[in-house]
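One structure is given below, encoded as structure tokens.
Being a predicted model, the structure only gives us computed values, none of them experimental. The first residue of the sequence shown is numbered 1, and numbering continues consecutively from there. All heavy atoms count here, side chains included; hydrogens, waters and symmetry mates do not.
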Amino acid sequence: MTRKKYTYKMRSYINASHAIRWEAGIGSEHPHTWEIICEIVSSNDHMIKFEDIEEVITETISGLSGKFLSTIAPFDKINPTLENLTNYLFDMITDSLKKINCKLIRIEVGESPTRFYCISLD
């Protein structure tokens, strides 16, 4: 018998710019409205208020809003690609959600309506 899986899905946005570093130098700075879609499960199978999840995610990502990502940690050292941003957000949001007994099981980050990078837990 298949067991049901209950998850929450939240959508957030960050307006920030970046410039990719290439072997030949750095590209031009350009803005994005990054779309972040998080799928979350309660660690203890209890209901969680959407407002609590939204608050944690908003607090976690707010430091990136309005920034030139290429100049802030960790993107001053690693390339601020869509893939690296997604990995960074996955780790940061995962850590933050622990305080409300939630677990991030999937994140999708898009730099445009047609370009997304996703990370999922098995």
Side-chain angles (χ1 to χ4, degrees):
M1 177 180 221
T2 303
R3 186 177 160 213
K4 290 181 184 178
K5 184 177 187 179
Y6 301 95
T7 65
Y8 296 89
K9 199 167 192 179
M10 308 297 289
R11 189 178 308 258
S12 304
Y13 297 92
I14 298 171
N15 289 308
S17 61
H18 71 154
I20 303 298
R21 291 184 285 280
W22 305 98
E23 287 181 22
I26 190 165
S28 60
E29 179 181 356
H30 57 282
H32 290 285
T33 297
W34 305 90
E35 183 174 8
I36 303 156
I37 303 169
C38 296
E39 189 168 355
I40 297 153
V41 65
S42 168
S43 298
N44 54 15
D45 291 327
H46 287 93
M47 184 182 77
I48 305 211
K49 293 191 296 187
F50 278 99
E51 293 84 7
D52 292 346
I53 299 169
E54 287 172 332
E55 183 178 326
V56 168
I57 293 172
T58 299
E59 285 176 9
T60 304
I61 67 175
S62 65
L64 301 175
S65 186
K67 303 289 184 178
F68 178 37
L69 298 179
S70 304
T71 62
I72 61 171
F75 304 110
D76 55 342
K77 304 278 189 268
I78 64 170
N79 224 349
T81 62
L82 174 60
E83 297 83 358
N84 286 339
L85 177 61
T86 304
N87 195 51
Y88 172 77
L89 289 171
F90 186 91
D91 291 345
M92 296 300 293
I93 293 170
T94 294
D95 287 345
S96 296
L97 286 171
K98 289 176 185 175
K99 65 184 168 191
I100 58 168
N101 294 313
C102 288
K103 183 177 179 181
L104 181 63
I105 60 170
R106 180 174 174 85
I107 191 169
E108 302 173 22
V109 179
E111 65 178 10
S112 78
T114 60
R115 295 179 179 175
F116 278 78
Y117 188 73
C118 308
I119 299 173
S120 298
L121 296 178
D122 292 334

Pairwise side-chain contact, H18 with F75, heavy-atom cut-off 4.5 Å (strictly under): no
Short side-chain to backbone donor-acceptor contact, R21 and I78, under 3.5 Å: yes
Student check: side-chain heavy atoms of E55 and E51 closer than 4.5 Å: no
Non-hydrogen side-chain atoms of N79 and W22 separated by less than 4.5 Å: no
Validation row: I72, L64 side chains within 4.5 angstrom (heavy atoms): yes
side-chain hydrogen bond (donor to acceptor under 3.5 Å, both in side chains) partner of R11, chosen from E35, E54, E108: E35
Connected via hydrophobic side-chain network under 4.5 Å: I37 and V109: no
Plane angle bin for H30 and H32 - parallel if under 30°, tilted between 30 and 60°, otherwise perpendicular: perpendicular
Nearest-0.5 Å distance, CD1 of residue I119 to CG of residue N87: 4.5 Å
side-chain contact (heavy atoms from CB on, under 4.5 Å) between F116 and T86, worked out: CA-CA 9 Å; F116 278 78; T86 304; over 6 Å; no
Beyond-backbone contact of C118 with R106, side-chain heavy atoms, under 4.5 angstrom: yes
Audit row: W34, E111, side-chain contact (heavy atoms from CB on, under 4.5 Å) steps and yes/no: CA-CA 5 Å; W34 305 90; E111 65 178 10; 3.5 Å; yes
Contact summary for Y8 and I48, nearest pair of heavy atoms: OH-N, 2.8 Å
Spacing of E59 atom CD and M92 atom CE [to the nearest 0.5 Å]: 11.5 Å
Pair E39 + K5: basic N to acidic O under 4.0 Å: no
Reported CG-to-CG distance for the pair N101 and N44, which is rounded to 0.5 angstrom: 5.0 Å
Test side-chain contact (heavy atoms from CB on, under 4.5 Å) applied to I40 and I93, step by step: CA-CA 10 Å; I40 297 153; I93 293 170; 5.7 Å; no
In one Ile/Leu/Val/Met/Phe/Trp/Tyr side-chain cluster, 4.5 Å: M47, M10: yes
Spacing of OG1 belonging to T94 relative to CD1 belonging to I105, to within rounding of 0.5 Å: 10.5 Å
side-chain contact (heavy atoms from CB on, under 4.5 Å) partner of L104, the single match among I57, L121, L97: L97
Whether S70 side chain and A19 backbone form a donor-acceptor pair below 3.5 Å: yes
Heavy-atom pair with the smallest gap, counting every atom of L89 and I107: CB-CD1, 3.9 Å
